[in-house]
Amino acid sequence: MSTTASDPLAALGSLPGVPDAVDSVRKAVDRVYGHRVMRRRSNEVTAEAALRGSRGSAALAGADWNLEEVRRRTDFSGEDEARVVGAALRLTAEAGQLLSIWRQSPLRVLARLHLVAAGGATPDDAVGRPRLAGESVDEPLIEAPLPGAEEVAGRLEGLSQLIIAGGSAPALVTAAAVHGELLALRPFGSHNGLVARTAERIVLIGSGLDPKSICPAEVGHAEQGRAAYVAAFEGYTAGTPEGMAAWIAHCGRSVELGVRESTAVCEALQRGAA
């Protein structure tokens with residue numbers, strides 16, 4: 001996060017185009033929360049959003065299964081893709097349990113997310129802690145230069161302090177910054193993309209923008225495609241105002257596409273109840 005402002009996240013919120021993205025996301029979220037189905041069947045919408053968000057995050061991690069296959073499967077051991085989908089599902093389920101801890105101890109939450117994602121697939125001494133000097137990272141989608149362990153530790157601490165301090169930045173801006181910074185750092189030996197997208201979800205829920213977790217940004221990230229995701233992320237790593245604004249706008253569009261997905265779920269539930 002390259003800015004010298006005293007509140008760097010708030011500074012990101014004032015970049016050209018970002019206020020419009022924030023406003024567009026807020027209006028989209030308000031519309032789906034106002035759907036009549038949400039008054040009576042919000043738990044069903046939340047459950048379906050979780051499933052679809054997990055599928056989207058797994059797709060970006062290389063396991064692009066169709067939704068019905070994710071819904072049908074009960075065994076996520078065995079082949080690599082099944083383990084990725086299982087990790088995404090576990091992380092989505094865990095996200096809602098960590099909201100109260102996030103604002104006090106985000107690093108503890110990140111450690112827990114990696115533990116949940118790894119699910120025993122990573123050697124015990126590497127689970128739930130930032131990587132050490134010389135340790136490799138398995139993150140096939142992101143090929144940006146990998147920061148050293150010392151830089152990772154410093155930037156994680158800086159990110160943690162920003163989250164704990166709070167501030168006036170809109171939820172979308174904070175979520176995008178957390179997501180981008182974790183992708184840039186890849187602090188763990190594996191599952192960094194899945195963890196970064198789950199952290200984005202936690203910010204969106206905990207901020208009050210999406211308290212019922214019905215606007216899965218992961219759906220939108222996947223729908224826009226892996227190439228667009230990587231290109232937008234490269235804007236984040238460039239650190240220029242234009243690049244940062246483009247990344248935030250990409251994340252905003254992802255939330256809006258998640259809203260569209262859940263609106264379709266509401267409509268389907270409404271037709272079924274008619």
Side-chain angles (χ1 to χ4, degrees), residues 1-3 8-29 52-64 84 88 91 110 137 139-147 152 155 159 162 169-188 191-204 207 209-210 215-261:
M1 249 175 291
S2 57
T3 175
L9 295 180
L12 293 178
S14 65
L15 292 174
V18 172
D20 289 341
V22 169
D23 185 56
S24 181
V25 165
R26 168 52 71 186
K27 288 177 179 176
V29 172
R52 295 176 185 224
S54 298
R55 193 216 73 81
S57 191
L60 287 172
D64 192 3
V84 168
L91 284 170
L110 294 175
V137 172
E139 197 63 49
L141 181 59
I142 304 301
E143 298 180 352
L146 193 66
V152 167
R155 286 171 63 176
L159 181 64
L162 284 174
L172 171 64
V173 172
T174 302
V178 167
H179 183 171
E181 190 71 353
L182 292 174
L183 275 186
L185 295 178
R186 281 149 289 161
F188 303 110
H191 302 97
N192 289 287
L194 293 173
V195 168
R197 291 184 287 276
T198 305
E200 179 185 46
R201 172 184 283 270
I202 288 172
V203 173
L204 293 172
S207 67
L209 177 65
D210 181 23
C215 307
E218 304 97 323
V219 167
H221 288 304
E223 186 171 331
Q224 293 183 84
R226 298 178 90 196
Y229 183 74
V230 171
F233 171 65
E234 287 173 352
Y236 180 89
T237 58
T240 63
E242 297 80 10
M244 298 293 279
W247 170 248
I248 295 167
H250 180 88
C251 291
R253 179 59 179 156
S254 295
V255 175
E256 292 184 69
L257 289 170
V259 167
R260 188 177 71 180
E261 188 89 352

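Each residue takes its place number in the sequence, starting with 1. Bear in mind that the values here come from a model prediction, so they are computed numbers and not experimental data.
Counting only heavy atoms from C-beta outward, the side chains of Glu181 and Tyr236 approach each other to under 4.5 Å. No side-chain heavy atom of Arg155 sits less than 4.5 Å from a side-chain heavy atom of Leu159.
Closest non-hydrogen pair, Ala171 versus Val203, comes out as O-CG1, 3.9 Å. When all heavy atoms of Val152 and Leu185 are compared, the pair lying nearest together is CG2-O, 3.8 Å. Minimum interatomic distance between Gly53 and Arg201 (heavy atoms only, all atoms of both residues): CA-NH2, 4.0 Å. Closest heavy-atom contact between Val255 and Cys215: CG1-CB, 4.3 Å. Of all heavy-atom pairs between Leu110 and Ala199, the closest is CD2-CB, 4.3 Å. Across Ala61 and Arg226, no two heavy atoms sit closer than the pair C-NH2, 4.3 Å.
With rounding to the nearest 0.5 Å, the separation of NE2 in His179 from CD1 in Ile202 is 12.5 Å. Between Leu172 atom CG and Arg253 atom CZ the span is 13.0 Å, to the nearest 0.5 Å. Rounded to the nearest 0.5 Å, atoms OG1 (Thr198) and CD (Glu218) are 6.5 Å apart. The CG atom of Leu15 sits 7.5 Å away from atom CE of Met244, with the distance rounded to the nearest 0.5 Å.
Shown here are the side-chain hydrogen bond (donor to acceptor under 3.5 Å, both in side chains) partners of Glu223, two or more places apart in sequence or in another chain: Arg260. When the side-chain hydrogen bond (donor to acceptor under 3.5 Å, both in side chains) test is applied to Ser14, no partner is found at least two apart in sequence or on another chain. Ser254 pairs by the side chain to side chain contact (heavy atoms under 4.5 Å, CB included) definition with Ala217, His221, Gln224, His250, not counting sequence neighbours. Among residues two or more places apart in sequence or in another chain, the side-chain hydrogen bond (donor to acceptor under 3.5 Å, both in side chains) test is passed with Thr174 by none. Listed by chain and residue number, Glu48, Glu261 satisfy the salt bridge (Lys or Arg N to Asp or Glu O under 4.0 Å) test with Arg52 (two or more places apart in sequence, or in another chain). By the salt bridge (Lys or Arg N to Asp or Glu O under 4.0 Å) test, Arg26 pairs with Asp30, sequence neighbours left out.
A donor-acceptor pair under 3.5 Å is absent between the side-chain atoms of Ser57 and the main chain of Ser54, judged by distance alone. Counting only distance, with no hydrogens or angles, the side chain of Arg186 and the backbone of Ala144 share a donor-acceptor pair below 3.5 Å. Of the possible donor and acceptor atoms, one in the side chain of Asn192 sits under 3.5 Å from a partner among the backbone N and O of Phe188.
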**Request:** Determine, step by step, whether Leu183 and Tyr229 satisfy the side chain to side chain contact (heavy atoms under 4.5 Å, CB included) criterion, reporting the C-alpha distance in whole Å, the side-chain angles of both residues, the deciding distance to 0.1 Å, and the verdict.
**Result:** CA-CA 11 Å; Leu183 275 186; Tyr229 183 74; 3.2 Å; yes
**Request:** Walk me through it: do Asp64 and Arg55 pass the test side chain to side chain contact (heavy atoms under 4.5 Å, CB included)?
**Result:** CA-CA 7 Å; Asp64 192 3; Arg55 193 216 73 81; 2.9 Å; yes
